[in-house]
Amino acid sequence: MSYNFLQVEKKWQQHWKDTEAFKVVEDDSKEKYYSLEMFPYPSGKLHMGHVRNYSIGDVIARFKKMNGKNVLHPMGWDSFGLPAENAAIKNGIHPDIWTRENISEMITQLNELGLSYDWDREVATSSEDYYKWTQWIFLQLYNKGLAYKTKSPVNWCPSCETVLANEQVVNGACERCGSDVTKKNLSQWYFKITDYADRLLKDIDNLDGWPDKVKLMQSNWIGKSYGAEVDFKVKNTDKDLKVFTTRPDTLYGATFMVMAPEHPYVNELVAGTEYEPKVNSFLSELNRLSSIERSATTLEKKGLFIGAYAINPVNNKEIPIYIANYVMMGYGTGAIMAVPAHDDRDFEFAKKYDLEIIPVIKPNDDSIDTENLTEAFCEPGIMINSDKFDGMTNKEAIDKISIDLNERGIGKKTVNFKLRDWLISRQRYWGTPIPIVYCKDCGEVPVNAEDLPVKLPKDVKFTGKGESPLKTSETFMNTVCPKCGGPAVREVDTMDTFVDSSWYFLRYTDTKNDDEVFNLDKAKYWMGVDQYIGGVEHAILHLLYARFFTKFLFDLGLSPVDEPFDNLLTQGMVLKDGAKMSKSKGNVVTPREIIDKYGADTARLFVLFASPPEKDLEWSDDGVEGSFRFINRVWRFVEEYKDILKTGDITINNKFDKELNFKLNEVIKNVTHDISLRFNFNTAISFVMELVNVMYKYTQNAPEINRELLSKAVESVLLLLAPFGPHFTEELWTLIGNEGSIHLHSWPTYDEAALVKDTIEIVIQVNGKMRDKIEVEANINKDDLETLALSTDKIKSLTNGKTVVKVIVIPKRLVNIVVK
RNA sequence: GCCGAAGUGGCGGAACUGGCAGACGCGUCGGACUCAAAAUCCGAAGCCCUUAAAAGCGUGUGGGUUCGAGUCCCACCUUCGGCACCA
C-alpha cells in the first residue's frame, strides 16, 4: 500500500495555483533572495537534467522562504534558436507556433514537478515585448561604438548554402548534411567585448561565490598575456613588421621571422617576385584544410621562405622571413620572431628547414650544452649572447629589454588577449532582428528607439537554403530611412541567441515594463542573483556574455550591479550506465515515466539524494524505488500516530525521550547547516532518514509515548522535508491538524541544550590503533580520563610488560597510549 | 602538450578544521507477519582466517610528516572535464 501521490500532487498544485502561492513583489520590510535556474530552450520535453537543475533551485527557494526571505524565483524561455527553424523547414510549422506549443507543454511539466515559480514573471526571449528591449540594448551598444559591422570569414556550408555557427560545425563538417565546411568572407555584426576584457578578467577575483573551476575557465578564455611589441624593419622596403612576444628576453636569439599566411604584407612582399606562385600554391593547399585540421597541434609544421628579410632592431641582424601554418592571423600581430633555442615550435621548424639556432639563455648550473641543443631550452636562466644584458637573469632581462625598446622607439610593453570580439550575426529567421537599416544616401542607420520592436515578419519562406530567410519577406525588407525618409532596406541577419540570454535575469525584476528595459528601483531591490544554478557547459560563453552585458548596463547607470551572479552552482550531469543520457545510446529515462509511476516528490527526492549537486549523478531505478519507500515510510508513520499527537510544552521523562529529543535537535541542526552552507542535499536528506529511523525505534521501545515530543518530531520531519517533497509534506501537514500551508511556516529551530550529553564515549587507542571504548562523564577532566583509559582490562593486557612512553588525551574524543 | 577535478565496500555515496573509515540509501542475507507471495517491520553484513572470539589487512600506487593520515607533503598511475600551434 502506498500513498495516492497522483491525487495528492494534483490537489496541491491546484491549490498553489488558486492561492497564487508563489507570487512575489518587492517588500522593503523583508530581506530579498533571488534564486535563479538557467532558463531552458523550449524543446517541448523536459529531461532529467532539467529536473535536477530545477529541483535544486526549488529547494533553495523554498528553504529561503521558510527562513523569512522574500524570494524571487522566476522561470522563462530562451525561445529563439535553430530547432524551431529546423522544424519549420522539415514540417512546415511556423517557428512561432511550434515554440508556443512547446512552451505550454513545458509549463505543464514544470508544474507537475511542483516547482515554486512566480509565473507572473515569465519571460520568453522570442516575444515582442522582450526582444524589443534586446534590440534597444543593441542600440545602446551601437551608440557607444560597441556594436560594429565588419567583413570576416565565417563558416559556410556550400551544400546548404548557409552560414553555420561554430557549434554547428562538427569535425569540420556541417552538422546537418555532413559537407565540408569552408570559409566565406561576409559582413558581420560584432560586439566589442574586448573593450571589457580587462574588467571581465580582474573582477573574477570578486566572484567569491563562484566555483574556482569556472573562474579559471573564464580567465583562460580571456587569456591575458604580458609581453612586448617589437618593430622589425623589412629589408629594402619602408615596411615595419610588428611582432608580439611574451619573451622579449630572447630577442637576441631571433634567427628568423614567421608570418601567418593570411598576413596582409605577404602579398605585397611577394608580388611580382619568383616567390609569388609558390606562396599562392602554399596558400591554396592550406585553404583545403578544414579549420579543425589546421588548428590541430599534431599537424606537421610547414613553411615557406618568401624571399624577404627582416632586420632585428637590437643587433641589426638580417633574418629570413617565412610564412608557416603554425602562426595564426587572429592572435597578436599575426607575425612572430622565431627563437628556436627557446621555443619548442620554433625549434621544430628550425630543425626542419635547417635554420640557425642561437642560444641566449643558459641554465644556472650549466647542466645543458647550449651550443648543441637537442630541444628548446624553456627554463629560466642566465642571459648570454645578448650584449649588455649578458649575465642578468632572464627574468630581469624581460623588463630591461622592454624598457630599452621603448626608449629607442622600436617597441613597447604590451598585453594581448585571447578573447575576440563577439560575432553576433546569424543568417537565420528565428532570432532577434538587428535594428539597423541601409539607406542609399545615409548608409547604415540605426532604427529609432521609439520604432522598436523591429518585428519578425510572418511571410517568410523556410527553405534551409540561402543566406537569410528574412530576405524573402518584402514587407520586412523594404522600409524607409529613419534619417532622411527615403527608401531603405533592413538588415536581414538576426542576433545570436546568446544575446537574448545575456540580460533576462534583469528583466525578471520587472517583466511587464513597456517604457523601460527594467525599472532601476526594482532591479536595485532584487539584484544581484543570490544563487544561480545551471550546467557547467555554460561556464564560459553564457556567463561571460551575461557579465559583459551587466557591466555595460551598469556603466549606463541602468543596472544597479556590475556583476550579475553573486553565487554560482554548476550542477553535474545525469548519467545512466556511466554515460550521459541520450537517445542514440538508448539510456534515456524521462521525467514523465518517473512522475507517472512514483510522483514528483519521489523524482525530486531521488535526484537530490543520489549525489551532491555539483557532481554527476548516476541514475538508478532501485534508488528511485528507495526514495519512494522513504516517503511512504514517513506517510505510514504519520497516519499511524496522527491521532495521539499533541502540541505543547515538552517534558523529557526518560532515556528514550532524551534520545529522541537529542536526535531531533541534532538533525534539525545538521539539515539546516547542510542546506544553507553547503547545498549538500544528499546528506541533509540522510539526516532526516536517520531521524525517522529513530522515531520508529522510539515507538517500539519507549514504555510510553511522549505525545508532545513525538508531535514536535513529526512536525519537524515534515518541515525539514517540505522543500524536497512539497506535495506530500503539505498533505501530511494538514492531516495532523495544521491550518495553512506548510510552505508558509517557518523553518524549525533546534535547542542547543538538548544536544548536551551527560556521558560520552571515548575511544582508546594503543599506538594509534583503536583497542577499546569507554563511557565517561561528559565533563571529566584530562587526568581522570587518562587514568580511566589506562585501567580497562583490555588496555592493561595490551600494555602489560611494555613501557608507556606517552599518553595523548584529546578531550571528548580519544586517548592514545604510545607503548614500546 | 598545458590547465583543472576526481579515485573510498557489490553499487550510489558519508566522514565540516588530521582523531572510531564506510553515515544514509540501494543490493544481499537472516528473522517476524502470511496458507503462500508481495508489501511492511526487525536484524546482520568492508576484506581475510575462523564454529566463535581475537589477531591481521584495508580509502588508486610508492614514499614521507605525525602519538595518530581518506584528510597534510613528495613522486607516480588511472579516469573525467576545459583549452589547444595564443608566440
Side-chain angles (χ1 to χ4, degrees), chain A residues 1-2 211-221 223-225 227 243-247 250 258 260 294-301 324-328 330-339 342-346 348-349 416-419 536-537 539-540 572-573 575 578 605-606 609-612 614-627 629-630 632-633 636 670 673-674 677-678 680 682-690 692-693 696-697 700 761-773 794 805-810 812-819:
Chain A
M1 185 197 73
S2 63
D212 289 338
K213 175 183 166 178
V214 174
K215 291 197 275 188
L216 201 72
M217 280 163 73
Q218 292 223 345
S219 295
N220 290 340
W221 187 262
K224 186 177 188 174
S225 49
V243 303
F244 171 73
T245 177
T246 55
R247 296 290 305 274
T250 63
V258 189
R294 166 101 191 254
S295 64
T297 37
T298 47
L299 190 70
E300 196 194 351
K301 299 199 179 0
N325 58 0
Y326 74 99
V327 174
M328 307 287 129
Y331 182 78
T333 63
I336 61 161
M337 63 173 206
V339 184
H342 305 292
D343 180 281
D344 292 324
R345 294 155 302 176
D346 298 345
E348 188 189 330
F349 193 82
N416 247 295
F417 292 94
K418 285 193 212 174
L419 183 71
V536 73
E537 66 273 17
I540 299 174
M573 289 187 297
L575 309 176
L605 198 70
F606 171 72
F609 176 65
S611 173
E614 67 280 3
K615 284 217 214 158
D616 287 349
L617 181 156
E618 177 66 35
W619 186 266
S620 153
D621 292 331
D622 288 335
V624 177
E625 195 87 43
S627 293
R629 273 211 289 263
F630 172 65
N632 279 293
R633 195 165 147 87
R636 275 192 303 274
N670 289 342
H673 177 267
D674 278 5
L677 269 71
R678 313 197 305 160
N680 277 14
N682 55 332
T683 51
I685 294 167
S686 76
F687 282 125
V688 184
M689 288 171 166
E690 283 183 42
V692 172
N693 290 346
Y696 267 93
K697 283 206 186 86
Q700 283 196 342
E761 197 182 55
I762 297 287
V763 166
I764 308 172
Q765 297 180 330
V766 175
N767 289 342
K769 281 206 164 40
M770 203 274 282
R771 296 299 179 184
D772 204 1
K773 291 177 186 175
K794 179 103 188 272
V805 183
K806 203 177 186 181
V807 180
I808 286 116
V809 181
I810 311 291
K812 294 187 194 284
R813 280 196 190 275
L814 60 73
V815 178
N816 187 12
I817 300 154
V818 187
V819 297

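Below, read A as the first sequence line, B as the second, and so on, with proteins coming before strands; counting in each chain starts at 1. Since the structure is predicted, the reported quantities are computational estimates derived from the model, not experimental observations. Below, all heavy atoms of this structure are taken into account, side chains as well, without hydrogens, waters or symmetry copies.
Annotation: A54(B) and G46(B) have their P atoms spaced 13 Å apart (nearest Å). For G70(B) and G13(B), the C1' atoms lie 14 Å apart once the distance is rounded to whole Å. For the C1' atoms, the distance from G82(B) to G10(B) is 33 Å, rounded to whole Å. Spacing of P atoms, U51(B) relative to A5(B), comes out at 49 Å, to the nearest Å. Nucleotides A14(B) and C67(B), compared at atom P, are 32 Å apart to the nearest Å. Comparing the P positions of G19(B) and G1(B) gives an interatomic distance of 37 Å, to the nearest angstrom. A gap of 15 Å separates the P atoms of U61(B) and C11(B), to the nearest Å. Straight-line distance between the C1' atoms of A23(B) and C33(B): roughly 30 Å, to the nearest whole Å.
Proximity of Arg813(A) to the phosphate of U17(B): no side-chain N or O atom is located under 4.0 Å from OP1 or OP2. Put simply, Asn693(A) has a side-chain N or O that comes within less than 4.0 Å of OP1 or OP2 on G25(B). The phosphate of G27(B) has OP1 or OP2 within less than 4.0 Å of a side-chain N or O from Arg629(A).
Proximity of Glu614(A) to Val536(A): side-chain heavy atoms (C-beta onward) are nowhere separated by under 4.5 Å.
At a threshold of 4.0 angstrom between heavy atoms, the contacts of Asp616(A) are confined to the sugar-phosphate backbone, with no base atom among them. The residue Ser225(A) sits close only to the backbone: its heavy atoms come under 4.0 Å of sugar-phosphate atoms, none of a base. Using a 4.0 Å heavy-atom criterion, one finds that Tyr696(A) contacts the sugar-phosphate atoms exclusively. Within the nucleic acid shown, Gly332(A) has no heavy atom closer than 4.0 Å to any nucleic acid atom. Within the 4.0 angstrom heavy-atom criterion, only backbone atoms of the sugar-phosphate kind lie near Lys697(A); the bases stay farther away.
The two atoms that bring Met337(A) and Thr245(A) nearest to each other are CE-OG1, 3.8 Å, heavy atoms only. In terms of heavy-atom proximity, Phe244(A) sits nearest to Gly332(A) at CB-CA, 4.2 Å. Minimum heavy-atom separation, Leu617(A) to Ala610(A): CG-CB, 4.1 Å. Across all non-hydrogen atoms, the minimal contact from Asn325(A) to Glu300(A) is ND2-O, 2.9 Å. Of all non-hydrogen atoms in Phe349(A) and Ala324(A), the two that sit nearest each other are CE1-CB, 3.8 Å. Scanning all heavy atoms of the two residues, the minimum distance from Ala260(A) to Met328(A) falls at CB-C, 3.8 Å.
Partners of Asp346(A) under the side-chain hydrogen bond (donor to acceptor under 3.5 Å, both in side chains) rule, at least two apart in sequence or in another chain, are Tyr326(A).
Between the C1' atom of C26(B) and the CH2 atom of Trp619(A) lies a distance of 14 Å, rounded to the nearest Å. With rounding to whole Å, Asn220(A) atom CG is found 14 Å from C2(B) atom P. Spacing between atom CG of Asn325(A) and atom P of A87(B) amounts to 18 Å, rounded to whole angstrom units. Straight-line distance from the OH atom of Tyr331(A) to the C1' atom of C83(B): 13 Å, rounded to whole Å. Between the C1' atom of G82(B) and the CE atom of Met573(A) lies a distance of 13 Å, rounded to the nearest Å. Across the protein-nucleic acid pair, Asp674(A) atom CG and G13(B) atom P stand 17 Å apart, rounded to whole Å. Across the protein-nucleic acid pair, Arg633(A) atom CZ and A39(B) atom C1' stand 14 Å apart, rounded to whole Å. Atom pair Asn670(A):CG and C24(B):P shows a separation of 13 Å (rounding to whole Å applied).
The nucleotide whose nearest atom lies closest to any side-chain atom of Arg771(A) is, among G56(B), G12(B), A14(B), G56(B). Among the nucleotides G13(B), A87(B), G19(B), the one closest to any side-chain atom of Asn682(A) is G13(B). The side chain of Lys213(A) approaches G81(B) more closely than any other nucleotide in the set G13(B), A84(B), G81(B). Among A23(B), U40(B), C20(B), the nucleotide with an atom closest to any side-chain atom of Lys773(A) is C20(B). Listed nucleotides: G25(B), C41(B), A55(B). Nearest to the side chain of Lys794(A): A55(B). Distances from the side chain of Lys301(A) to the nucleotides A14(B), C85(B), C83(B) place C85(B) closest. The Leu216(A) side chain lies nearest to G4(B) when the options are C24(B), G27(B), G4(B). Taking the side chain of Ile540(A) as heavy atoms from C-beta on, and the options C83(B), G25(B), A23(B), the nearest nucleotide is C83(B). Among G82(B), A23(B), A87(B), the nucleotide with an atom closest to any side-chain atom of Ser686(A) is A23(B).
Between Glu761(A) and Ser620(A), the one whose closest nucleotide on RNA chain B sits nearer the 5' end is Glu761(A).
Formation of a donor-acceptor pair under 3.5 Å by the Asn816(A) side chain with backbone atoms of Gly768(A) is found in this model. Side-chain N or O atoms of Lys794(A) include one that pairs as donor or acceptor with a backbone N or O of Arg771(A) at under 3.5 Å. Of the possible polar contacts, one joining the Asp616(A) side chain to the Met573(A) backbone as a donor-acceptor pair under 3.5 Å is found. No donor-acceptor pair closer than 3.5 Å links the side chain of Asp343(A) to the backbone N or O of Ala338(A).
If you take OG1 on Thr683(A) and CE on Met689(A), they are separated by 11.5 Å, rounding to the nearest 0.5 Å.
Taking 90° from 0 as the syn/anti boundary, the base of G9(B) is oriented syn.
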Could you encode protein contacts along nucleotides 62-73 of chain B as a string, one character per nucleotide from 5' to 3', using B for base contact, S for sugar-phosphate-only contact and - for no contact, with a heavy-atom cut-off of under 4.0 Å?
-----BS-----
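Judged by atom type and distance alone, Lys418(A) does not reach the base of C83(B) through any side-chain donor-acceptor pair under 3.5 Å.
In RNA chain B, consecutive stretches of 3 or more Watson-Crick or G-U wobble pairs with both distances under 3.5 Å are given as paired ranges: B:1-7 with B:77-83, B:10-12 with B:24-26, B:28-32 with B:40-44, B:60-64 with B:72-76.
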